Undergrad: 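The structure that follows is given in the form of structure tokens.
Atoms considered below: every heavy atom in the structure, side chains included; atoms not considered: hydrogens, waters and symmetry mates. Nothing here was measured: the structure is a model prediction, and the numbers come from that model.
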Number of protein chains: 2
Amino acid sequence: MYKDRVTTLASRSRGKTVRLFHALSDETRLRILERLREGEQCVCELTDVFKTGQSRLSFHLRVLKDAGLVTDRPEGRWIYYSLNRDALREVEDLVAWLTESPSGNMPGHRC
Amino acid sequence: MYKDRVTTLASRSRGKTVRLFHALSDETRLRILERLREGEQCVCELTDVFKTGQSRLSFHLRVLKDAGLVTDRPEGRWIYYSLNRDALREVEDLVAWLTESPSGNMPGHRC
DNA sequence: ACTACCCATCAACATACGTTGATTGATACG
DNA sequence: CGTATCAATCAACGTATGTTGATGGGTAGT
């Protein structure tokens, strides 16, 4: 369990992790995720709710998708977005690993 | 337990959350956190390890500190930084809340 | 076919962010 | 004292990011 988490962070490319956190570091995108938490939604629903330009939402949805936090599914002329809970759990593990105390000791340092 | 998490995210200002994730969305800062995970460190230690300019680290440490992820403690002419594990646990809860399925149902929408 | 709708993409712009090198202040040490 | 060290801050710069309005491609309905 513990070992799993170690490798989770260690083996993961830092760039991918950075993109994950970056995707989460925007108010609009957080609100989108909160919304998607309730279930699948199409873009038109979101533009309705957020009362904002469509291209703006499209932009943010793309950031979330590139980070792997959401998935999309076309149906007719709509595209439905939904949360990727696996990615979120990965974020949880990442942070959990940081929170834990390491086993070994650190080498000293002369200032 | 579940209710706690709900209020954790709901009562929290989104701006603060955004700053948290933003602080985590940089490779240098992630490496600093990984380092601090092993224990308290002064800036000179970090400049040594990362072989980079002092002002650069100072900048990133400030971002981390403003987000509440680290704390600093002056001692003599050095300043020691350490992880704020409470803040990290807060991040964990935030993400956990997003991951969970909500209880109620969403209102429908006509496209 | 024609029109209406949904969405992604683009170009242009403004703002935010990270880097670098220099300066400043504070502490320690001779 | 004078000098050296540690670290925060500043100004200047280039790049990344988010916003807006316009365009275009695909699907549905008439």
Undergrad: Just do the salt bridge (Lys or Arg N to Asp or Glu O under 4.0 Å) check on A/Lys65 and A/Asp72 with the steps written out, would you?
TA: CA-CA 8 Å; A/Lys65 186 177 157 191; A/Asp72 60 340; 3.1 Å; yes
Undergrad: Between A/Gly76 and A/Gly53, which residue's closest nucleotide on DNA chain D lies nearer the 5′ terminus?
TA: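 This one resolves to A/Gly53.
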Undergrad: Could you say whether B/Trp78 or B/His60 is positioned toward the 5' end of DNA chain C, judged by the nucleotide with the nearest heavy atom to each?
TA: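 The 5'-side residue here is B/His60.
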Undergrad: Salt bridge check, A/Glu40 against A/Arg73: does any charged N sit closer than 4.0 Å to a carboxylate O?
TA: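 Salt bridge: yes.
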Undergrad: Less than 4.0 Å between a side-chain N and a carboxylate O, is that true for B/Glu27 and B/Arg29?
TA: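 Looking at B/Glu27 together with B/Arg29, the answer is no, because their closest N to O distance does not fall below 4.0 Å.
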Undergrad: Nearest whole angstrom, please: distance from the P of D/dA16 to the NE2 of A/His22.
TA: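 My rounded result for the distance is 12 Å.
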Undergrad: Could you state the CZ-C1' distance from B/Phe59 to D/dA11, rounded to the nearest angstrom?
TA: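 In whole Å, D/dA11 C1' and B/Phe59 CZ are 14 Å from each other.
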Undergrad: By nearest nucleotide on DNA chain D, pick out whichever of A/Gln54 and B/Leu57 is the more 5' one.
TA: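 Result of the comparison: B/Leu57.
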Undergrad: Atom CD of B/Glu75 to atom P of D/dA7: distance rounded to whole Å?
TA: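 Going from B/Glu75 (CD) to D/dA7 (P), I get 11 Å.
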Undergrad: Flag the pair B/Glu34 and A/Arg14 as a salt bridge only when some basic side-chain nitrogen lies within less than 4.0 angstrom of an acidic carboxylate oxygen.
TA: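 Salt bridge: yes.
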Undergrad: Nearest whole Å is fine: how far is D/dG18 C1' from A/Asp26 CG?
TA: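 The distance from CG of A/Asp26 to C1' of D/dG18 comes to 8 Å, rounded to the nearest Å.
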Undergrad: Which whole-number value in Å describes the distance from B/Ile79 CD1 to D/dT9 C1'?
TA: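 Distance check: B/Ile79 CD1 to D/dT9 C1' gives 12 Å.
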Undergrad: Regarding B/Arg62 and B/Asp66, does a basic nitrogen lie under 4.0 Å from an acidic carboxylate oxygen?
TA: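 Answer for the salt bridge query: yes.
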Undergrad: Distance check needed: D/dC6 C1' versus A/His109 NE2, whole Å only.
TA: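 In whole Å, D/dC6 C1' lies 12 Å from A/His109 NE2.
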Undergrad: Does B/Arg56 put a side-chain nitrogen or oxygen below 4.0 Å from OP1 or OP2 of C/dT19?
TA: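 Indeed, a polar side-chain atom of B/Arg56 lies that close.
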Undergrad: Is there a donor on the side chain of B/Ser55 or the base of C/dG21 sitting less than 3.5 Å from an acceptor on the other?
TA: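 Present.
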Undergrad: May I ask you to say what B/Tyr81 touches in the nucleic acid, namely base, sugar-phosphate or nothing, with a heavy-atom cut-off under 4.0 Å?
TA: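 The residue B/Tyr81 makes sugar-phosphate contact but no base contact.
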Undergrad: In whole angstrom, what separates A/Arg62's CZ from C/dC7's P?
TA: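 Computing the A/Arg62:CZ to C/dC7:P distance gives 16 Å.
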Undergrad: In whole angstroms, how far is the P atom of D/dT19 from the CG atom of A/Leu61?
TA: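 From A/Leu61 CG to D/dT19 P: 12 Å.
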